[in-house]
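Comments concern the structure below.
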Amino acid sequence: MSRLIVVSNRVNPPSGKGEESVGGLAMALAAALREYSGIWFGWSGKTTPEFTGQLSMQRIEGVTVATVDLEDGDYQEYYNGYANKTLWPLFHYRVDLTAYDRSFGEGYDRVNKRFAETLRPLIEPDDIIWVHDYHLIPMARELRRLGVTNRIGFFLHIPWPAHQLVVTLPRHRPLVEAMFHYDLIGFQTEESLQAFEGYVLNEVGGEKTEDGRLRAFGQVTEAGAFPIGIDAEDFARITKSSRATRVYDRMAAHSVFRKMVVGVDRLDYSKGLEERLIGFERFLHDNEEARNEVMLLQIAPISRDEVEAYQDIRHRLDGLIGRINGAYAEMDFTPIRYLNRSYRRDELAGVYRAARAALVTPLRDGMNLVAKEYVASQNPDDPGVLILSRFAGAARQMKEALIINPNSPEEISDALSRALAMDETERKRRWEYLMDNVTRQDVTAWRDDFVAALKGRPPVTEAANTEVEEAPLRAVKKTLAGAKT
């Protein structure tokens with residue numbers, strides 16, 4: 001059996017069931033590596049005065065982990081710079097926050113080259129390589145330059161933006177050209193897939209082959225939508241754990257005379273936190289009778305605090321929450337509780353279960369696994385209601401949530417009113433539909449669909465001159481889905 005080599009910016013191996021902080025990528029990859037033997041390669045999270053390429057190898061929870069340190073300059077230009085000041089805001093439709101600096105792009109290419117050179121000696125002829133996310137778009141190009149002919153796939157966990165936004169990026173063409181060194185490119189949604197295809201067809205004169213692949217830059221690649229899920233079975237187990245039960249009991253006791261609404265997001269401008277709070281403020285304004293009966297628990301761990309845009313949003317949220325609590329608090333009650341720290345997954349499971357509704361309102365999100373975790377945590381006999389942004393990738397699957405436009409305070413307020421007043425019959429009906437989707441389209445289905453599709457084609461280096469007889473990607477996915485039912 002071929003080994004699977006997973007490549008990601010950060011390597012976060014599981015340290016024990018339920019102990020991981022919230023984070024979709026880490027949990028999804030851990031689940032994949034439980035099934036396939038292989039290596040998880042990436043940055044250690046540490047910096048060194050000078051890059052040496054020295055690997056640190058260890059075995060953690062059955063997963064072989066290989067990490068490398070980066071130079072201080074690499075960290076600033078590649079990670080804080082091009083990844084988080086250029087690509088992240090651009091791909092989340094925030095051109096106003098996108099920083100264009102030539103040194104950022106140079107650092108980005110340099111680190112991808114160094115990663116490829118460090119990984120190369122670990123690759124065996126039959127290995128399958130799976131590269132993850134926007135930090136590592138050029139990785140396949142650098143591996144091909146080193147003579148690697150293995151199957152290499154890429155999965156983008158964040159949205160791919162519209163054609164008109166991509167072209168605002170200096171040197172956008174070389175970035176997209178680098179993606180054509182992958183055998184398979186995966187996106188979270190059909191919308192992102194179509195946006196990528198639109199760029200290829202309209203900007204660089206690419207074309208679709210008869211079997212649905214994309215040809216451009218003298219290369220041919222496969223592209224498809226592979227919506228990521230959670231480990232639904234594991235999360236259901238966690239929900240029943242002793243720690244989750246204790247947290248549930250505490251939260252239920254705290255809100256015994258009130259209805260609790262929950263939001264759990266990394267502190268990021270893409271998550272719609274300001275808009276969510278303004279919508280909750282509108283709800284308090286419009287529903288005087290509910291002001292002392294409804295509380296919002298917002299958990300927002302701080303991230304990327306070295307980036308100015310994240311410092312700015314933190315200050316704005318502090319001011320906004322102070323204003324709302326100042327206007328609507330009573331001596332024994334504040335409507336918003338705001339926590340800037342991470343919690344274990346089993347603790348979050350208890351919080352989710354105690355919440356009458358969840359506000360998941362990103363302005364733009366690749367998928368959003370918090371929405372799926374909330375659904376998986378619910379009591380089947382008395383489930384809560386998911387309020388979900390139409391701009392989250394999860395909205396394409398989770399149609400029985402209350403779908404809202406997060407830019408509209410009125411829609412947020414109306415959805416809260418509807419969710420908190422919803423009768424048990426409707427809540428159960430909606431939850432059953434959502435839970436069925438979360439269970440069927442879980443992380444295992446995501447993993448198997450992607451890996452099977454990656455195995456199903458000849459190497460990209462031969463694709464331009466080879467007649468391919470295998471079924472197109474969508475046919476492969478349809479067969480796999482049928483096999484699971």
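Numbering of residues begins at 1 and proceeds along the displayed sequence. All of these numbers come straight from a predicted model, not from anything done at the bench.
Comment: Asp127 does not engage Arg151 in a salt bridge, judged by the lack of any side-chain N to carboxylate O separation of less than 4.0 angstrom. A salt bridge links Glu274 with Arg316; the closest basic N to acidic carboxylate O contact falls under 4.0 Å. Salt-bridge check for Glu71 with Arg114: passed, with a basic side-chain N closer than 4.0 Å to an acidic carboxylate O.
Residues passing the ring-ring contact (aromatic ring centres under 6.0 Å, His included) test with Phe196, sequence neighbours excluded: Trp160, Phe187. For Glu281, the side-chain hydrogen bond (donor to acceptor under 3.5 Å, both in side chains) partners at least two apart in sequence or on another chain are Arg323. Listed by chain and number, the residues in a salt bridge (Lys or Arg N to Asp or Glu O under 4.0 Å) with Glu308 amount to none (sequence neighbours excluded). By the ring-ring contact (aromatic ring centres under 6.0 Å, His included) test, Phe280 is found to be paired with no residue, residues two or more places apart in sequence or in another chain being considered. By the salt bridge (Lys or Arg N to Asp or Glu O under 4.0 Å) test, Arg145 pairs with Glu142, sequence neighbours left out. Residues passing the side-chain hydrogen bond (donor to acceptor under 3.5 Å, both in side chains) test with Asn112, sequence neighbours excluded: none. In this structure Asp69 satisfies the side-chain hydrogen bond (donor to acceptor under 3.5 Å, both in side chains) test together with Ser44, sequence neighbours excluded. Partners of Arg418 by salt bridge (Lys or Arg N to Asp or Glu O under 4.0 Å), not counting sequence neighbours, listed by chain and number: Glu426. Taking the side-chain hydrogen bond (donor to acceptor under 3.5 Å, both in side chains) definition, one finds that Glu106 meets it with nothing, sequence neighbours left out. Residues passing the ring-ring contact (aromatic ring centres under 6.0 Å, His included) test with Tyr93, sequence neighbours excluded: none. The ring-ring contact (aromatic ring centres under 6.0 Å, His included) test applied to Tyr199 returns His163, His172, not counting sequence neighbours.
For residues 92-102, the salt bridge (Lys or Arg N to Asp or Glu O under 4.0 Å) pairs, not counting sequence neighbours, are Arg94-Asp96.
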